[in-house]
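The structure presented is a predicted model; accordingly, all values stated were derived computationally and were not measured. Heavy atoms only: backbone and side chains are in, while hydrogens, waters and symmetry mates are out. Proteins get letters first, then strands, A, B, ... in listed order; numbering begins at 1 in each.
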Number of protein chains: 2
Amino acid sequence: MTTTHVTLKDIARKAGVSTATASLALSGDRRVKEKTRRAVEEAASLLNYVPNEIGRSLRAKKAETIALIFPNTPRFAFSHPYTVHLLQGISEVLVHNHFHLLVSTAPSEADETAAYEKIVRNRRADGIILWPATVRDRHILRILDSGLPVVYLGKWHDGEVATVERDEFGGAYKATEHLLKQGRRRIAHISTPQHYQVSIDRLAGYKSALEDYGIPFDPSMVIGKDFSMESGADAARQLHAGGFVFDAIFGGNDRLAIGAMRALQQLGLSVPHDVAVAGCTNLEMGTITTPALTTIDQPMAQVGTLAAQKLIHMLNGEPLEQRQTLVSPQLIIRGSCGAQ
Amino acid sequence: MTTTHVTLKDIARKAGVSTATASLALSGDRRVKEKTRRAVEEAASLLNYVPNEIGRSLRAKKAETIALIFPNTPRFAFSHPYTVHLLQGISEVLVHNHFHLLVSTAPSEADETAAYEKIVRNRRADGIILWPATVRDRHILRILDSGLPVVYLGKWHDGEVATVERDEFGGAYKATEHLLKQGRRRIAHISTPQHYQVSIDRLAGYKSALEDYGIPFDPSMVIGKDFSMESGADAARQLHAGGFVFDAIFGGNDRLAIGAMRALQQLGLSVPHDVAVAGCTNLEMGTITTPALTTIDQPMAQVGTLAAQKLIHMLNGEPLEQRQTLVSPQLIIRGSCGAQ
DNA sequence: CTGAAAGCGCTAACAT
DNA sequence: ATGTTAGCGCTTTCAG
């Protein structure tokens with residue numbers, strides 16, 4: 001039960017040297033005599049010395065810590081399907097570089113600013129990986145302005161800020177194109193709330209694919225919902241009840257797509273025969289539907305890895321090969337679109 | 001672009017007082033004159049002062065941070081189905097108590113000790129929430145011995161250590177009992193690796209229910225697998241091919257149960273008519289199988305909440321109402337067992 | 001009511 | 001080769 005903390009002073013005394021020498025010895029500085037070094041090391045291991053990183057941080061003005069900031073409540077942050085993969089990718093890099101990971105969420109939607117400020121300016125972290133909030137969020141600017149190194153996980157207009165961005169536009173394009181390639185021409189889209197950049201991008205990707213295939217965009221084929229399976233089912237029923245002619249649905253995420261698919265089946269329609277369905281986010285759930293869901297996989301672990309690496313480079317003062325990185329999604333073809 | 005950090009000294013100078021007075025003023029100490037306080041506060045807000053928490057921590061010998069330690073690699077830690085809910089529960093408490101959350105994983109299975117030691121003794125965190133490792137993990141003892149307040153998220157024999165434990169035994173019991181109540185008598189169990197405490201507990205709960213209903217335990221009805229759907233399918237095929245008579249399966253987790261269910265259906269068996277299936281862990285995926293999966297829900301967000309609250313109490317030197325808390329799982333009845 | 005001084009644990013410039 | 005000193009930013013006696 002080692003309750004009291006053993007400090008450098010303790011081991012210096014034990015080894016019969018000054019704290020300065022002890023410090024140098026432990027850092028392996030060659031100015032200190034071999035014999036002294038050994039004495040110090042022995043004392044350290046004997047007393048089970050572990051340096052107090054707070055003291056070290058204060059001195060060095062760095063914390064060897066990076067913060068992952070979600071400008072959202074914990075509830076939102078940790079229910080997002082991407083979060084775990086992101087955490088995994090980030091952790092893998094950090095753990096190998098001996099950095100700590102601080103995970104920060106906001107107490108409430110109202111109270112964001114305070115939370116940001118605190119993390120950003122209190123020197124608890126040397127750099128920040130910032131999850132994008134809703135597009136209107138003005139607080140982000142503060143973080144970006146704070147002077148701390150930041151990697152932003154989304155689109156940013158200003159070429160100065162480092163980003164790792166996934167290509168949601170391209171993903172949506174691929175999914176829609178896949179439907180088009182299966183001969184579908186009346187493709188509906190269930191969109192997620194448009195104050196998220198990803199929602200905007202997915203809608204745009206969908207439109208762009210239609211355009212490239214000469215299909216005029218029909219706003220009545222886009223139906224806006226939130227993120228749940230139930231919403232997807234609603235949307236499908238709504239499309240059906242509205243008497244719209246449609247032979248495919250591109251869901252703004254997998255939950256929407258799965259909800260829609262099941263609702264269609266309950267209405268007696270066949271997927272993919274009557275309506276092909278594609279999703280986006282690659283939930284494990286999509287592997288067990290009948291038919292299994294064609295979807296878009298975003299390499300979120302890779303996003304995390306790249307972001308962490310980029311940040312560490314910045315902290316080391318090393319030049320970045322690219323300030324802004326775009327990672328490519330992958331189309332996962334399963335049965336729900338009729339290919340395969 | 002606030003690059004240079006503004007310190008207490010800066011605002012003291014600006015307000016024309018000493019740093020001591022400035023500090024007192026900002027902390028709202030009533031010894032300082034109203035007028036001075038206002039001057040200091042004004043200077044602070046003018047210069048956009050945010051206290052350096054590293055300095056404060058060094059002084060106060062606490063970090064206002066708690067660490068969540070997974071004695072596992074990031075890959076393992078963040079692919080566990082419970083993790084996100086746990087994080088959510090913990091974050092919610094911490095964010096309201098102005099604590100930071102450090103999430104710590106191990107670089108590799110071999111390198112655990114170093115990782116633990118560092119977090120535990122370097123004073124980066126004031127307390128620890130510890131995710132259980134495999135039962136043989138001896139390093140845990142070090143953490144528990146470190147003198148830092150710890151809340152352990154599992155079973156611990158010693159009544160001294162604070163725990164928040166979910167009742168996996170009870171969950172397995174409930175699931176098995178539910179099958180028994182549906183009149184099933186030949187219940188197989190697909191178990192997860194037995195070097196995890198939860199696996200042992202679930203197997204024990206299963207056995208105990210059988211016993212209470214007067215069914216002799218038959219070891220050949222337990223088949224050990226890992227965690228995946230494919231393993232569940234394997235197990236089901238193996239049971240089927242082995243010519244065992246069985247009318248129900250209790251899966252050691254939902255993936256195993258779902259895999260098994262689907263394999264059985266592919267073999268032409270009906271679920272629940274021929275074989276009832278119950279799982280355990282309540283994945284969203286279980287809601288969309290046909291039939292939907294009966295399962296056990298462990299309130300992991302609540303586990304997180306309780307653990308964080310308990311730890312904060314300990315840090316505040318407040319007495320704990322209970323050192324060890326057991327949270328109760330809930331049986332979620334859906335179609336796969338024939339009830340409902 | 002306010003300021004001077006000390007010190008948390010560490011490291012680095014500067015002596016010796 | 002090692003020790004002395006100073007200081008990172010903060011809080012808290014202790015004097016005044």
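In this structure, Arg37(A) CZ and Thr21(A) OG1 are separated by 14.0 Å, a value rounded to the nearest 0.5 Å. Atom CG of Asn52(A) sits about 6.5 Å away from atom CG of Leu58(B), to the nearest 0.5 Å. Rounding to the nearest 0.5 Å places CZ of Arg124(A) at 9.5 Å from CZ of Arg56(B). Note: Ile129(A) CD1 to Tyr152(A) OH = 14.0 Å, rounded to the nearest 0.5 Å.
Contact check of residues 24-45 of chain A against DNA chain C (heavy atom, cut-off under 4.0 Å) returns no residues at all.
Between the P atom of dC10(C) and the CD atom of Glu64(A) lies a distance of 14 Å, rounded to the nearest Å. When rounded to the nearest whole Å, the span between CD1 of Ile11(A) and C1' of dC10(C) equals 12 Å. Atom NZ in Lys62(A) sits about 12 Å away from atom C1' in dT11(C), given to the nearest Å. The nearest whole Å value for the distance from the CZ atom in Arg59(A) to the C1' atom in dG9(C) is 11 Å. In this structure, Arg13(B) atom CZ and dT2(C) atom P are separated by 19 Å, rounded to whole Å.
For the pair Ile66(A) and Leu94(A), the minimum side-chain heavy-atom distance is below 4.5 Å.
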**Message:** Could you go through Glu34(B) and Arg38(B), starting from their C-alpha distance and side-chain angles, then the distance that decides it, and tell me whether this counts as salt bridge (charged side-chain N to carboxylate O under 4.0 Å, His left out)?
**Reply:** CA-CA 6 Å; Glu34(B) 175 66 16; Arg38(B) 287 239 300 283; 3.5 Å; yes

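Ring-plane geometry between Phe70(A) and Trp131(A) is classed as tilted, the angle between the planes lying from 30 to 60 degrees on a 0 to 90 degree scale.
The shortest distance between the side-chain N/O atoms of Lys61(B) and the OP1/OP2 oxygens of dG9(C) is below 4.0 Å. Checking the phosphate oxygens (OP1, OP2) of dC10(C), a side-chain nitrogen or oxygen of Tyr49(A) falls inside 4.0 Å. Not one side-chain nitrogen or oxygen of Thr7(A) sits closer than 4.0 Å to the OP1 or OP2 atom of dG9(C).
With hydrogens and angles disregarded, no donor-acceptor distance shorter than 3.5 Å links the side chain of Lys9(A) to the backbone of Thr19(A).
Sparse packing is recorded around CD of Glu42(A), with 12 or fewer heavy atoms of other residues, nucleotides or ligands lying under 6.0 Å away.
Nearest-nucleotide positions on DNA chain C place Thr19(B) closer to the 5' end than the other of Thr19(B) and Leu58(B). Between Ala20(A) and Ser23(B), the residue anchored closer to the 5' end of DNA chain D is Ala20(A), taking for each the nucleotide with the nearest heavy atom.
Using a 4.0 Å cutoff to heavy atoms of chain B, the contacted part of DNA chain D runs 5' to 3' from dG9(D) to dT12(D).
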